[in-house]
*Asks:* 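I'd like to ask you about the structure that follows.
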Amino acid sequence: MTPGSDYQRLRSHLAFLRMTAAAEALPGLLDQADTHTGGLGHQAFLEQLLAVEVTAVEERRKASLARFASLPSPFTLADFDFAAQPRLDRNLIAELATLRFVDDATNILLIGPPGVGKTMIAVGLGHAAVAAGMRVYYTTAADLVARCHRAALEGRWATTMRFYAGPRLLIVDEVGYLPLPAEGASALFQVVSQRYLKGSIVMTTNLGIASWGKVFGEDQMVAAALLDRLLHRSVVVNIDGQSYRMRSHRARAEAARKAVAAGA
Ligand code: ADP
Ligand code: MG
């Protein structure tokens, strides 16, 4: 066996195992192992070769989890300005950011008027979970309902239900902005039911729990049954401060007024 044919066989093993990063790093690592006096030993060589591949696979996996998650913005919890929301319990959000709630399938319900950062916190938790290697999926309630509606028409109901059951963390944004048709309410109910005690949901809503009946049209029973499962093991976070959007709007308006006053 010549060293040349050993090398070729090693390359083809790596190719067969689809270890492309290791294959690329191979010549360099072999040089280090061969040529340097006191170069890499067997163990160190093998460890470094595998480490290159492990890193590459991990990065691919993270990138694929991030794509799948469909998070609508890049903001993380570190970008959240707590000073703008003084009544929001910073320690509670920090505790949620540890993702311990995912381990026991606790749900998070973020309640508050528009612009207070509900989506930002939900998405921030999503990014944290992706970074921790979890499968996350973000959807708005409207998209979930539309997708379930199409699935029902096309005979893919069971597959679609499995899809929403799959992720470790499901984010359902903007429940309550639009009233749900009876069929939509029942789709959301089924998604919540089948994840019950199995997988966490982070849900955002502009409605206080007392007015959930309204989103579900006339069907108070579905609303009650859904809330029952959602809240059984849950953390409810009320964010009732000022809208952040309006805040920057106010700041710009204020600056414009000052500029006009200074000019006058
Ligand atoms: P909501 O979902 O409650 O309507 P969003 O999370 O969409 O509100 O927030 C509205 C906008 O304001 C977003 O661009 C968001 O990034 C920003 N924002 C809201 N609250 C904060 C905050 N406390 N710190 C930084 N940016 C914020
Ligand atoms: Mg929102």
Side-chain angles (χ1 to χ4, degrees), residues 66 68-99 101-102 106-131 134 136-148 164 167 169-180 184-185 187-188 191-192 195 200-212 214-216 223 226-227 230-231 234-256:
F68 180 82
S70 316
L71 296 166
S73 84
F75 295 123
T76 67
L77 291 171
D79 300 311
F80 195 80
D81 173 11
F82 284 91
Q85 219 53 262
R87 296 214 290 182
L88 178 63
D89 183 355
R90 213 188 169 115
N91 294 328
L92 173 61
I93 303 300
E95 163 59 31
L96 297 181
T98 66
L99 302 169
F101 75 92
V102 179
T106 294
N107 298 320
I108 313 293
L109 186 59
L110 299 160
I111 305 180
V116 294
K118 300 181 299 296
T119 298
M120 189 169 176
I121 291 175
V123 167
L125 290 171
H127 282 297
V130 168
M134 293 177 190
V136 175
Y137 187 72
Y138 169 97
T139 178
T140 61
D143 283 350
L144 180 147
V145 163
R147 188 167 175 161
C148 289
Y164 288 115
L169 180 63
L170 179 69
I171 300 173
V172 184
D173 202 7
E174 299 180 354
V175 176
Y177 282 89
L178 301 169
L180 295 176
L188 189 59
V191 168
V192 169
R195 291 184 64 86
S200 296
I201 300 176
V202 172
M203 195 177 271
T204 81
T205 176
N206 57 324
L207 292 176
I209 289 170
S211 31
W212 271 53
K214 281 189 222 135
V215 201
F216 292 89
L226 188 151
L227 278 171
L230 190 72
L231 298 179
S234 66
V235 175
V236 176
V237 184
N238 278 291
I239 316 178
D240 54 3
Q242 299 277 342
S243 160
Y244 203 82
R245 289 194 191 96
M246 292 307 279
R247 182 185 126 109
S248 60
H249 172 76
R250 271 197 303 276
R252 272 198 302 278
E254 186 62 22

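Just so you know, ligand 1 is whichever comes first in the structure, and atom 1 is the first atom listed for that ligand.
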*Asks:* With a cutoff of 4.0 Å, is Val116 in contact with ligand 1, counting heavy atoms of the residue only?
*Replies:*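 Yes, Val116 has a heavy atom closer than 4.0 Å to ligand 1.
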
*Asks:* How far is atom 23 (N) of ligand 1 from its nearest protein heavy atom, and which residue and atom is that?
*Replies:* Asp81 O, 3.0 Å

*Asks:* Please state whether Gly115 comes within less than 4.0 angstrom of ligand 1, counting heavy atoms only.
*Replies:* yes

*Asks:* Return all protein N, O or S atoms below 2.8 Å from the Mg ion (ligand 2), chain by chain in residue order.
*Replies:* Thr119 OG1

*Asks:* Would you say the side chain of Asn107 lies within less than 4.5 Å of the side chain of Leu231, judging by non-hydrogen atoms?
*Replies:*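 No; the side chains remain at least 4.5 Å from each other.
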
*Asks:* Tell me the protein heavy atom at minimum distance from atom 2 (O) of ligand 1, and give that distance in Å.
*Replies:* Thr119 OG1, 2.7 Å

*Asks:* Show, in sequence, the C-alpha distance, side-chain angles and deciding distance for Phe80 and Ile93, and conclude whether the side chain to side chain contact (heavy atoms under 4.5 Å, CB included) test is met.
*Replies:* CA-CA 10 Å; Phe80 195 80; Ile93 303 300; over 6 Å; no

*Asks:* Quick one: look up the protein heavy atom nearest atom 19 (C) of ligand 1 and list residue, atom name and how far away it is.
*Replies:*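 Here the nearest protein heavy atom works out to Tyr244 CB, 3.1 Å.
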
*Asks:* So which heavy atom in the protein is nearest atom 8 (O) of ligand 1, and how far is it from that ligand atom?
*Replies:* Gly117 N, 3.1 Å

*Asks:* Which of the numbered atoms in ligand 1 are under 4.0 angstrom from any heavy atom belonging to Pro114?
*Replies:*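 Counting atoms of ligand 1 from 1, those under 4.0 Å from Pro114 are 4 (O).
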
*Asks:* Does any part of the side chain of Val116, heavy atoms only, come nearer than 4.5 Å to the side chain of Asp240, both counted from C-beta?
*Replies:*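 Counting from C-beta outward, Asp240 and Val116 never come under 4.5 Å.
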
*Asks:* Could you point out which residue of Thr205, Thr139, Thr204, Thr140 forms a side-chain hydrogen bond (donor to acceptor under 3.5 Å, both in side chains) with Asp173?
*Replies:* Thr204

*Asks:* Counting non-hydrogen protein atoms only, what is the nearest one to atom 11 (C) of ligand 1? Give residue, atom name and distance.
*Replies:* Arg245 CG, 3.8 Å

*Asks:* Which residue in the set Leu178, Leu180, Val175 passes side-chain contact (heavy atoms from CB on, under 4.5 Å) when paired with Val145?
*Replies:* Leu180

*Asks:* Taking the side chain as C-beta and beyond, is there a heavy-atom pair between Leu188 and Val172 under 4.5 Å?
*Replies:* yes

*Asks:* Would you indicate whether the side-chain heavy atoms of Glu174 and Pro114 approach each other to under 4.5 Å?
*Replies:* no

*Asks:* Should the heavy atoms of other residues, nucleotides or ligands under 6.0 Å from CZ of Phe75 be counted, would the total exceed 12?
*Replies:*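 Atom CZ in Phe75 is not crowded, with 12 or fewer foreign heavy atoms closer than 6.0 Å.
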
*Asks:* Check this for me - ligand 1, Phe75, N or O atoms closer than 3.5 angstrom, yes or no?
*Replies:*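 No: no nitrogen or oxygen of Phe75 is under 3.5 Å from one in ligand 1.
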
*Asks:* Compare Glu174, Gln242, Met120 and give the one whose heavy atom is closest to atom 16 (O) of ligand 1.
*Replies:*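 Looking at heavy atoms only, the winner is Met120.
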
*Asks:* Hey, is atom 13 (C) of ligand 1 touched by any protein heavy atom at less than 4.0 Å?
*Replies:*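 No; the ligand atom in question lacks any protein heavy-atom contact below 4.0 Å.
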
*Asks:* At a 4.0 Å threshold, what atoms of ligand 1 neighbour a non-hydrogen atom of Asp79?
*Replies:* 25 (C)

